[in-house]
A.B. asks: 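Let me give you the structure first, and then I'll get to my questions.
One-based numbering, in listed order, for ligands and for the atoms of each. Numbers here simply count residues along the sequence, with the first being 1.
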Amino acid sequence: MTAEIIDGLKIRKEILEELKKEVEQYKAKYNSVPGLSTILVGNNPASLSYVSLKIKTARELGFYEVQENLPEDIKEDELLSVIDKYNKDEKIHGILVQLPLPKHISEERIVNAIDYKKDVDGIHPINFGKLLADSDDFFFSPCTPLGIKELILRSKVKTQGAEVVVVGRSNIVGKPIAVIMSQKGIDSTVTLVHSKTENMASHIKRADILIVAAGVPHLIKPEQIKKGATVIDVGVNRVGINKETGKAILKGDVDFEEAKKIAGKITPVPGGVGPMTIIMLMRNTINSAKNHIKAK
Ligand code: GUN
């Protein structure tokens with residue numbers, strides 16, 4: 001038996017069609033469109049590629065879209081004033097500052113400067129706190145964890161009472177997905193493991209749902225996986241360049257070819273979690289636009 005492939009591209013397309021309808025309805029009702037500003041500092045190839053895809057998807061959905069491509073050596077104060085400009089711009093409902101930022105800039109200071117009501121990336125501490133508190137207020141959850149949740153729910157994976165093991169404790173994936181999977185309604189039992197965890201293999205082997213966001217190519221070996229488990233691979237490791245196409249060669253955190261012989265369901269890399277992050281950013285931006293209208 002080989003695992004069912006959780007096709008992120010297919011699920012992304014389903015959601016894209018749903019969002020196109022939402023934008024049409026929004027346009028008809030309010031005679032305007034959701035607005036997204038993307039801010040890229042420097043020219044890190046991975047960041048360039050992510051931001052171009054975000055812009056392409058925003059255009060496909062008919063958003064108002066503005067881009068700032070800023071030099072690597074921009075001063076922190078200058079970047080703060082760019083953010084302030086979009087915080088005040090009524091046509092903009094979402095501000096995305098692509099991370100990582102150059103070392104001379106404090107990521108924390110920049111993220112804190114974004115109006116949390118436009119933080120469609122869900123990384124501002126107020127949004128992070130509301131997620132943790134399971135708030136009834138409107139707030140944004142981060143896009144990759146939201147995408148993982150959609151993949152799991154739309155693939156009809158049983159979450160109630162399931163043992164979830166999350167590998168990696170980043171603020172953008174590991175910590176928030178651990179919170180989301182333990183929320184009421186999802187109802188999983190969550191273990192978060194990381195580079196200092198002892199007996200990592202014993203935890204991983206218990207996972208009915210294994211979510212790996214460690215950033216280490218092929219960290220997870222097939223023999224570590226419980227038979228029939230759902231495996232969600234968040235790793236997008238650039239391990240080289242294809243000489244013919246000039247494109248990056250991507251490897252996940254899981255050895256997909258071997259793991260699919262053991263797992264029940266599994267995401268590929270590329271084509272699993274990756275496409276979901278961007279579509280969730282678009283959904284957050286539409287929700288933000290609706291929320292701004294409501295608050296007027
Ligand atoms: N860098 C890698 N992933 C992300 C993301 O989801 N949002 C932002 N802003 N930067 C990133």
A.B. asks: When Lys118 is tested against each of Val120, Asp121, Asp115 for side chain to side chain contact (heavy atoms under 4.5 Å, CB included), which residue passes?
C.D. replies: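 Single pass found, and it is Asp115.
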A.B. asks: Is a side-chain donor-acceptor pair under 3.5 Å present for Thr277 with Thr144?
C.D. replies: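 Judged by distance alone, the side chains do pair up.
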A.B. asks: For ligand 1, list all ligand N or O to protein N or O distances below 3.5 Å, rounded to 0.1 Å.
C.D. replies:
from	atom 1	to	atom 2	distance (Å)
ligand 1	1 (N)	Gln98	NE2	3.2
ligand 1	1 (N)	Leu99	O	2.8
ligand 1	7 (N)	Asp121	OD1	3.3
ligand 1	7 (N)	Asp121	OD2	3.0
ligand 1	9 (N)	Val97	O	2.8
ligand 1	9 (N)	Asp121	OD2	2.4
ligand 1	10 (N)	Leu99	N	3.0

A.B. asks: Just how far is it from atom CD1 of Ile204 to atom NZ of Lys221, taken to the nearest 0.5 Å?
C.D. replies: 11.0 Å
A.B. asks: Using a strict cut-off of less than 4.0 Å between a Lys/Arg side-chain nitrogen and an Asp/Glu carboxylate oxygen, indicate whether Glu4 and Lys260 qualify as a salt bridge.
C.D. replies: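 Answer for the salt bridge query: no.
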A.B. asks: May I have all residue pairs that pass ring pair (Phe, Tyr, Trp, His ring centres under 6.0 Å) and include part of residues 246-296, sequence neighbours excluded?
C.D. replies: His93-His292
A.B. asks: Is the number of heavy atoms from other residues, nucleotides or ligands within 6.0 Å of NZ (Lys226) greater than 12?
C.D. replies: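 Counting neighbours around NZ of Lys226, more than 12 heavy atoms of other residues, nucleotides or ligands fall under 6.0 Å, so yes.
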